[in-house]
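First comes the structure, then the notes that go with it.
Just so you know, these numbers come straight off a predicted model, no measurement behind them. Side chains included, hydrogens not; waters and symmetry mates left out as well; all remaining heavy atoms used.
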Amino acid sequence: MSMGTIKQYRLRAAMAASLLAAALAPHAFASSHREAPFITRQPKVDATDFYMFRSYEPGREKFVTLIANYVPLQDAYGGPNYFAMDPDALYEIHIDNNGDAREDISFQFRFSNTNKDTQLTVGGKKMSIPLVINGGAVNDVNPAGLNVRETYSVTVVRGDRRAGARTAVTNAAGGGTTFDKPVDNIGNKTIPDYAAYAAKHVYAVNIPGCATPARMFVGQRKDPFVVNLGETFDLINIKAPAVEFLANAEKNARDDLAFKNVTAIELEVAADCLTAGAAGDPVIGGWTTASLRQGRVLNAYPGSAVGASREGGAWTQVSRLGAPLVNEVVIGLKDKDRFNHSKPSGDGQFADYVTNPTLPALVEILYGSAGAKAPTNFPRNDLVAAFLTGVKGLNQPANVVASEMLRLNTSIAPTASGAQKRLGVIDGDNAGFPNGRRPGDDVVDIALRVMMGKLCTLNLGCAPADAPAGALRFTDGAYLDETFIAASFPYLKTPLPGSPQK
């Protein structure tokens, strides 16, 4: 292992402090915000989080909600251009409904920006304004007050994402294949009631091959993830809590995403439209990807009729996200870009990172004196279940091919809002992570405990004796539960305004 890789993992490993031992510091790590070297150069196609869960909004329990978040670390005041999606990119959500590690259904999103070129007469000359708004009201779909209109289209592909049968998703209210994305939350003077404005962009849509209309929303939301980024990556510049604060240590860390927004691509689809049919397996796998064209030529002199670049060639995948934290803390630094370019069907090349993980070993090096001993069972079959196959009897497909993705057993009823447990399955709530993922599931705490052997204490793939620290309450110190999330579609809360003053 290279020194660079050791340093990368050392930073993340130090987050996993045991709260049952005295004088251990609470640390945190991001889900998939800027998780690989190349994707840091392409923020518009950087997937931050992927969610897949049985809808728990009353009356919508027979639906599955899919949420793919992109464009990390958005400052609410990020004008004048804010955070439009990349019109030269292809954003996709994939579903595998027979366990073979290949997509059976893909939802493809393409975006387009139209400059309305609002002009003012200044000194007798017509002059184009420099802003995305022009001073008019922004309170409806494609309002006159917007100088730039962002729209998108959606295609469903059955079979291979590039060679399968393609059909357009249409608006259930009158047809049409073009949908408007609300402008980001510029501020309360521009958009006095952003929640009402954004709600007008929730569409009922017809998906070819599905008998029941779906719901769809694409737009800016408050980032639902929580993480203490700054102090963690400043060489773990966090003081250990005093013993008397250990009982509350799960809430001791600062959330550096507390004032950040994100762009969400959301679909709520009837569960029986995503599975392989009445006689099929109720378990589905899901992941999100983003792709760019292979070729890009920069224009030396871009103008009003010629863009800053020209894109061409085949689509090349540059971002991939299924289960959270995999590329972040499981895949070695040298293979992070490779993972983002790969498909689940090729995950055999990464299997050793799961069966022989480095993170627990580094946690032991850093905190072994406090009882944080790494599990001793190799290969780590408990992690194979968590990351590659699903847990048998919970969310493992009948004919599974080992591959990394988020897996959801659609036959397990959702847990109602107000009754959910933030630690999901390991706390007795089988409707939560790793059986799918809800936005209120504290996946950092769950993943830390699973990496350190929590599944062994439950006799899932290993025995309690294999995990000396399996019962310890590892935490990142940044608290998350369902109260951070709305109780109905689109679930993620209204984004923070760039200017809170009216």
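Checking Arg293 against Thr316 by side-chain atom types alone, no donor-acceptor pair falls below 3.5 Å. A donor-acceptor contact closer than 3.5 angstrom links the side chains of Ser403 and Arg407. Remark: the Ser55 side chain and the Glu268 side chain contain an N/O donor-acceptor pair separated by less than 3.5 Å. With no hydrogens or angles considered, a side-chain donor-acceptor pair links Gln108 and Arg166 at under 3.5 Å.
Exactly one of Leu90, Asn340, Thr289 qualifies for a side chain to side chain contact (heavy atoms under 4.5 Å, CB included) with Gln317. That residue is Thr289. Checking each of Asp442, Asp441, Asp429, Asp427 against Arg422 for a side-chain hydrogen bond (donor to acceptor under 3.5 Å, both in side chains) leaves exactly one that passes, namely Asp442.
A donor-acceptor pair is defined here as one N or O able to donate and one able to accept, closer than 3.5 Å; such a pair exists between the side chain of Asn435 and the backbone of Asn430. Not a single donor-acceptor pair under 3.5 Å links the side chain of Arg320 to the backbone N or O of Trp287. Listed for the Glu61 side chain is a donor-acceptor partner under 3.5 Å among the backbone atoms of Gly59.
Between Tyr353 and Asp335, the closest side-chain pair of non-hydrogen atoms falls below 4.5 Å. When side chains are defined from C-beta on, Phe109 does not count as touching Thr288, because their heavy atoms never get closer than 4.5 Å. Side-chain contact between Leu333 and Lys336: present, with at least one pair of heavy atoms (C-beta onward) separated by less than 4.5 Å. Arg161 has its side chain within reach of Glu92: a pair of non-hydrogen atoms, C-beta onward, lies under 4.5 Å apart.
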Which is it for Arg158 and Asp104 under the salt bridge (charged side-chain N to carboxylate O under 4.0 Å, His left out) test, yes or no, and what are the steps along the way?
CA-CA 6 Å; Arg158 298 188 183 276; Asp104 298 294; over 6 Å; no
- Start with the C-alpha gap between Asp223 and Asn261, add the side-chain angles, then the distance that decides, and say whether side chain to side chain contact (heavy atoms under 4.5 Å, CB included) holds. CA-CA 5 Å; Asp223 194 329; Asn261 293 325; 5.9 Å; no
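The number of heavy atoms from other shown groups lying within 6.0 Å of CZ (Phe259) does not exceed 12. In Arg102, the CZ atom is not crowded: 12 or fewer heavy atoms of neighbouring residues, nucleotides or ligands sit closer than 6.0 Å.
The six-membered or imidazole ring of Tyr91 lies near that of Tyr70, with a centre-to-centre distance under 6.0 Å. Annotation: Phe339 is in aromatic contact with Phe350 [ring centroid separation under 6.0 Å]. For Tyr491 and Tyr56, the ring centers are positioned less than 6.0 Å apart.
Under the side chain to side chain donor-acceptor pair (under 3.5 Å) criterion, no residue pair touches residues 454-465, with sequence neighbours excluded.
Minimum interatomic distance between Cys456 and Ala467 (heavy atoms only, all atoms of both residues): CB-CB, 3.7 Å.
Taking 4.0 Å as the cut-off between side-chain N and carboxylate O, Asp382 and Arg380 count as a salt-bridged pair.
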